[in-house]
Amino acid sequence: MIDLRNLREHTEVVSSQLRNRGVPKVTVDELLATDVQLREAIAARDEARARVNDLSREVGRLSKQGEVGAAAEVRERSRQLGASLKGMEAAVAQLAERRDAIWLVLPNIPAHDAPIGEDESANRVVRYWSPGGGHQDPGDFTLPAFTSYQQVPHWEIGANLAILDLERAGKISGSMFAMYRGQGARLLRALTNFALAAHADAYEEIRPPTLVRRETMMATGHLPKFADEAYAVERDGLYAIPTAEVPLTSLGRDEIFAEADLPLRFTAYTSCFRREAGAAGRDTRGLLRLHEFDKVELLVYCVPSDATAMHFDILSRAERLIQRLGLIYRVLDLCTGDLGQSSARTFDLEVYSPGTGKWLEVSSVSWFSDYQARRANIRYRPSSGGGPEFVNTLNGSALAWPRIFATLLEVGHQEDGTVHLPPDLATYFGAATLESQKIRA
RNA sequence: GGAGGGAUGGCAGAGCGGACGAAUGCGAAGCACUUGAAAUGCUUUGGGCCCAAAGCCCCGUGGGUUCGAAUCCCACUCCCUCCGCCA
């Protein structure tokens with residue numbers, strides 16, 4: 001959540017920044033009003049408590065001195081005061097609940113340099129990259145020509161090679177689930193090894209649990225607001241993670257790190273589970289949108305002053321992977337209206353899929369400032385002294401596999417039906433070409 | 001799943017109804033002594049609310065009893081041991 005003290009002290013600024021994200025002024029006003037009432041209620045309660053504490057001590061003192069009558073009289077006064085305390089405590093609890101109901105769903109304050117806009121149409125394309133042209137400004141970029149076989153959608157290529165079996169995935173789990181077979185399954189494993197190896201220089205590899213508690217989902221902001229997006233195992237109160245960001249952020253929950261130990265950098269390969277409740281029927285062919293998919297994630301805790309550098313480090317790592325895979329991509333700077341709830345600034349990476357004619361998001365690299373750290377209570381002790389401060393958290397996918405897998409099939413598709421793999425990946429895969437294989441039965 | 005035991009500050013560990021935010025030891029920081037270090041001595045050393053002070057809150061979490069709860073009661077969570085089951 002956002003810093004309430006900052007909101008109190010710079011109401012106008014914060015309020016207008018939030019308005020850029022579509023938060024109406026009345027919501028902010030209500031939060032502030034509730035906050036004032038809550039703090040007044042707390043002050044009144046604490047004062048009453050202080051008096052009860054005083055009287056109680058008095059009872060103890062008198063009892064010890066054997067002044068039974070006086071003790072009984074003070075005890076009675078304290079009892080009455082205690083009764084009125086109950087009401088004050090209830091008032092505090094009620095106001096705190098009302099404040100939290102707003103506070104917890106309020107989005108993060110966007111970064112100053114995030115483009116302002118209402119929806120995805122206002123996202124700014126920062127640059128393009130292609131194997132032939134390298135980095136290019138948006139004005140200079142044109143898509144290269146693709147052969148006719150490159151324009152075959154991946155689901156056809158995958159079915160022909162028998163490395164993708166979406167029909168049977170449907171039988172097993174329903175639509176929007178995928179099954180990779182033979183060389184397809186192996187290619188996925190190669191991609192994962194390829195990515196983990198690329199980050200091993202600076203990021204500790206983690207294999208976290210993928211079913212997590214409610215608090216863990218709260219910490220990243222995935223609950224309470226986005227409950228419809230998550231798969232829940234109700235009987236056990238657990239949720240299937242939508243991204244490794246969730247467990248990795250809670251790894252440091254309620255901890256205080258030494259500044260010297262920062263930055264902490266983690267990478268994890270996990271399955272990710274998403275109900276896609278709001279996206280039913282959109283772009284769901286083939287591997288475009290799945291309920292379960294694999295992803296390698298990068299996550300960083302750092303001091304605020306390092307956050308921007310870390311943001312660009314994650315971004316460049318994700319870009320570097322796509323470059324090594326030889327895919328065309330573009331970098332988007334998400335506008336204020338399109339940012340995820342917890343994010344202050346996000347870059348999306350989209351690869352071009354010639355088989356579907358679409359740009360596909362394969363990575364989202366976000367800076368959360370202290371929004372998640374405040375929720376998750378992740379702090380560091382400044383080496384200059386002073387009390388603990390919240391860390392900044394950042395993360396990025398590097399990368400999400402299904403859309404990469406799809407694009408690799410299309411881009412590498414040859415006239416004879418085989419698929420050529422980029423050399424860097426071939427090393428991990430153990431062969432340079434995907435060839436038709438026979439599915440048993 | 002069954003039966004027991006436990007959860008206290010960075011760590012270890014006391015306290016089991018009245019000045020306890022908490023003894024003691026270790027660790028860490030500062031100062032003194034020392035050419036330097038060790039040893040020794042003294043001092044400091046949790047977090048939060050609050051502009052701050054005063055005050056309040058936190059002894060796994062949430063309730064309850066009481067004038068008063070780290071201490072008593074209830075529920076939950078987690079950890080350990082044994083049995084069962086299982087990859």
Side-chain angles (χ1 to χ4, degrees), chain A residues 1-11 14 31-32 34-100 103-104 207-219 223 233-239 247 250-262 264 271 370 373-391:
Chain A
M1 47 283 226
I2 65 164
D3 183 358
L4 280 187
R5 192 179 300 181
N6 184 36
L7 175 63
R8 272 177 224 139
E9 287 168 5
H10 306 101
T11 305
V14 174
L31 177 59
L32 279 169
T34 310
D35 176 56
V36 169
Q37 289 173 43
L38 173 62
R39 282 182 300 134
E40 281 169 1
I42 287 172
R45 180 203 61 187
D46 285 355
E47 200 178 312
R49 275 219 271 243
R51 275 184 292 158
V52 170
N53 288 346
D54 277 347
L55 291 174
S56 296
R57 278 189 277 265
E58 185 71 4
V59 171
R61 198 178 57 78
L62 290 169
S63 302
K64 211 169 266 175
Q65 291 170 358
E67 303 191 31
V68 179
E73 193 261 330
V74 176
R75 180 183 298 135
E76 177 57 20
R77 272 205 287 151
S78 180
R79 198 187 60 73
Q80 283 171 11
L81 212 69
S84 64
L85 227 181
K86 289 272 195 291
M88 295 182 187
E89 280 168 349
V92 167
Q94 206 184 341
L95 284 164
E97 201 174 305
R98 200 194 301 169
R99 181 198 61 180
D100 292 350
W103 195 17
L104 283 172
R207 180 35 259 229
T210 45
L211 289 181
V212 300
R213 304 157 150 273
R214 190 182 164 73
E215 303 90 280
T216 303
M217 291 285 278
M218 290 283 279
L223 285 178
V233 186
E234 279 182 36
R235 190 161 112 162
D236 300 292
L238 294 170
Y239 294 82
S250 277
L251 188 151
R253 196 168 76 215
D254 294 320
E255 296 200 32
I256 302 175
F257 298 99
E259 181 174 344
D261 291 339
L262 300 178
L264 288 170
S271 290
D370 60 3
R374 183 169 283 108
R375 277 178 174 254
N377 196 28
I378 308 167
R379 293 174 293 171
Y380 71 98
R381 215 177 286 285
S383 25
S384 57
E389 308 271 1
F390 290 112
V391 303

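Note: hydrogens, waters and symmetry copies are ignored here, and every other heavy atom, side chains too, is used. In what follows, chains are A, B, ... by sequence order, proteins preceding strands, each numbered from 1. Predicted model only: the values in this text are computed from it and were never measured.
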Given 3.5 Å as the limit, does a donor-acceptor pair link the side chain of A:R374 with the main chain of A:M1, or not? yes

I'd like to know if the side chain of A:R214 and the backbone of A:G237 have a donor-acceptor N/O pair within less than 3.5 Å. no

What parts of residues 2-9 of chain A reach RNA chain B, counting only heavy atoms under 4.0 Å away? A:R5, A:R8

Among all residues two or more places apart in sequence or in another chain, which pass the side-chain contact (heavy atoms from CB on, under 4.5 Å) test with A:R39?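 Per chain and number, A:R39 pairs via side-chain contact (heavy atoms from CB on, under 4.5 Å) with A:R8, A:D35, A:V36.
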
Using side-chain contact (heavy atoms from CB on, under 4.5 Å) as the criterion, list what pairs up with A:A44, not counting sequence neighbours.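 Once residues adjacent in sequence are excluded, A:A44 has no partner under the side-chain contact (heavy atoms from CB on, under 4.5 Å) criterion.
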
Protein-to-nucleotide contact annotation, 5' to 3' order, nucleotides 53-68 of chain B [B base; S sugar-phosphate only; - none; under 4.0 Å, heavy atom]: --BSS---------BS

I'd like the [atom1] distance from [M] over to [N], given in whole Å.
N     : M     : atom1 : answer
B:A70 : B:U61 : P     : 12 Å
B:G21 : B:U45 : C1'   : 14 Å
B:G46 : B:U66 : P     : 35 Å

Show each protein N/O and nucleotides 43-47 of chain B N/O combination with a separation under 3.5 Å, one pair to a line.
{"from": "B:G47", "atom 1": "OP1", "to": "A:R381", "atom 2": "NH1", "distance (Å)": "2.8"}
{"from": "B:G47", "atom 1": "O3'", "to": "A:R379", "atom 2": "NH1", "distance (Å)": "3.0"}

May I have the step-by-step check of salt bridge (charged side-chain N to carboxylate O under 4.0 Å, His left out) for A:D54 and A:R57, ending in yes or no? CA-CA 5 Å; A:D54 277 347; A:R57 278 189 277 265; 3.3 Å; yes

Atom CD of residue position A:Q80 - does it have more than 12 heavy atoms of other residues, nucleotides or ligands inside 6.0 Å?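 Yes, because the 6.0 Å sphere around CD of A:Q80 holds more than 12 heavy atoms from other groups.
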
I'd like a table of atom pairs between the protein and nucleotides 77-79 of chain B - only N or O on both sides, under 3.5 Å - with the distance next to each one.
{"from": "B:U77", "atom 1": "O3'", "to": "A:R213", "atom 2": "NH2", "distance (Å)": "3.0"}
{"from": "B:U77", "atom 1": "O2'", "to": "A:R213", "atom 2": "NH2", "distance (Å)": "3.1"}

